[in-house]
Amino acid sequence: QVQLVESGGGLVQAGGSLRLSCAASGRTFSSYAMGWFRQAPGKERECVAVISRYVATTYYSESVKGRFTISRDNAKNTLYLQMNSLKPEDTGVYYCARDRYSRDWYSLPDAADFGSWGQGTQVTVSS
């Protein structure tokens with residue numbers, strides 16, 4: 001069972017930047033797509049970015065496209081989310097997650113498609 005540990009959340013003013021990291025255990029990191037999900041109070045968990053296995057194709061939600069960048073370093077078993085031009089509506093708990101199966105994605109997944117989750121890191125953007 002893979003273990004995922006997020007870091008890098010915090011409090012930032014609107015317009016600021018944060019970089020989230022997710023360290024994964026195990027030897028199969030590169031074989032699975034990885035995603036960043038967020039959950040705002042009272043809302044469902046949604047995928048904001050996904051990166052495919054191997055060739056690292058990326059997809060973003062419309063709400064973060066052009067502001068967030070997902071990347072992965074397979075040598076370090078680490079997933080990243082660079083968040084720029086943050087807005088108050090970006091506030092929430094951010095989770096990194098691994099796909100249930102080794103497969104490619106051509107659109108954003110649902111939370112149910114991913115089976116391994118980190119504990120989450122809080123991101124708060126003040127206006």
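Just so we're clear, the structure is a prediction, and the values are computed from it rather than from any experiment. Numbers here are sequence positions counted from 1.
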Q) Tell me the salt bridge (Lys or Arg N to Asp or Glu O under 4.0 Å) pairs involving residues 117-127, sequence neighbours left out? A) none
Q) For Y95, which fellow cluster members are found when Ile, Leu, Val, Met, Phe, Trp and Tyr are connected by side-chain heavy-atom distances below 4.5 angstrom, either directly or through intermediates? A) F37, V50, Y59, V93, W105, Y106, L108, F114, W117
Q | Inter-residue atom distance E89.CD - T91.OG1, 0.5 Å rounding | A | 8.5 Å
Q: Would you list the pairs meeting salt bridge (Lys or Arg N to Asp or Glu O under 4.0 Å) in which at least one residue belongs to residues 28-38, sequence neighbours left out?
A: R38-E46, R38-D90
Q.
Check whether S63 reaches the backbone of S61 with its side chain - one donor and one acceptor, N or O, closer than 3.5 Å.
A. no
(Q) Would you compute the distance between atom CD of Q13 and atom OG of S127 and round it to the nearest 0.5 angstrom? (A) 9.5 Å
Q. Taking NZ, NE, NH1 and NH2 as the nitrogens, is one of them in D104 or R53 under 4.0 Å from a carboxylate oxygen of the other?
A. yes
Q.
Using modelled atom types and a 3.5 Å cut-off, is there a donor and acceptor pairing between side-chain atoms of T121 and backbone atoms of G9?
A. yes
Q: May I ask you to decide if A75's main-chain N or O and D73's side chain share a donor-acceptor pair within less than 3.5 Å?
A: yes
Q: List the steps, then state whether side-chain contact (heavy atoms from CB on, under 4.5 Å) holds for S71 with Q82.
A: CA-CA 8 Å; S71 61; Q82 178 66 43; over 6 Å; no
Q) Could you state the interatomic distance from CG (N84) to CZ (R19), rounded to the nearest 0.5 Å? A) 11.0 Å
Q: Grab the two heavy atoms, one from P109 and one from C47, that are nearest each other, plus how far apart they are.
A: O-CB, 3.5 Å
(Q) With a 3.5 Å distance limit and no angle check, can you tell me whether E6 reaches the backbone of C96 through a side-chain donor-acceptor pair? (A) yes
Q. Could you give all pairs that pass the side-chain hydrogen bond (donor to acceptor under 3.5 Å, both in side chains) test and reach residues 22-32, with sequence neighbours left out?
A. T28-R98
(Q) Around atom OH of Y54, are there more than 12 heavy atoms from other residues, nucleotides or ligands closer than 6.0 Å? (A) yes
Q. Rest of the hydrophobic cluster containing F68 (Ile/Leu/Val/Met/Phe/Trp/Tyr, side-chain heavy atoms under 4.5 Å)?
A. V2, L4, V12, L18, L20, F29, M34, W36, V48, I51, Y60, V64, I70, L79, L81, M83, L86, Y94, V123, V125
Q) Under the salt bridge (charged side-chain N to carboxylate O under 4.0 Å, His left out) test, which residues partner R103, sequence neighbours left out? A) D99
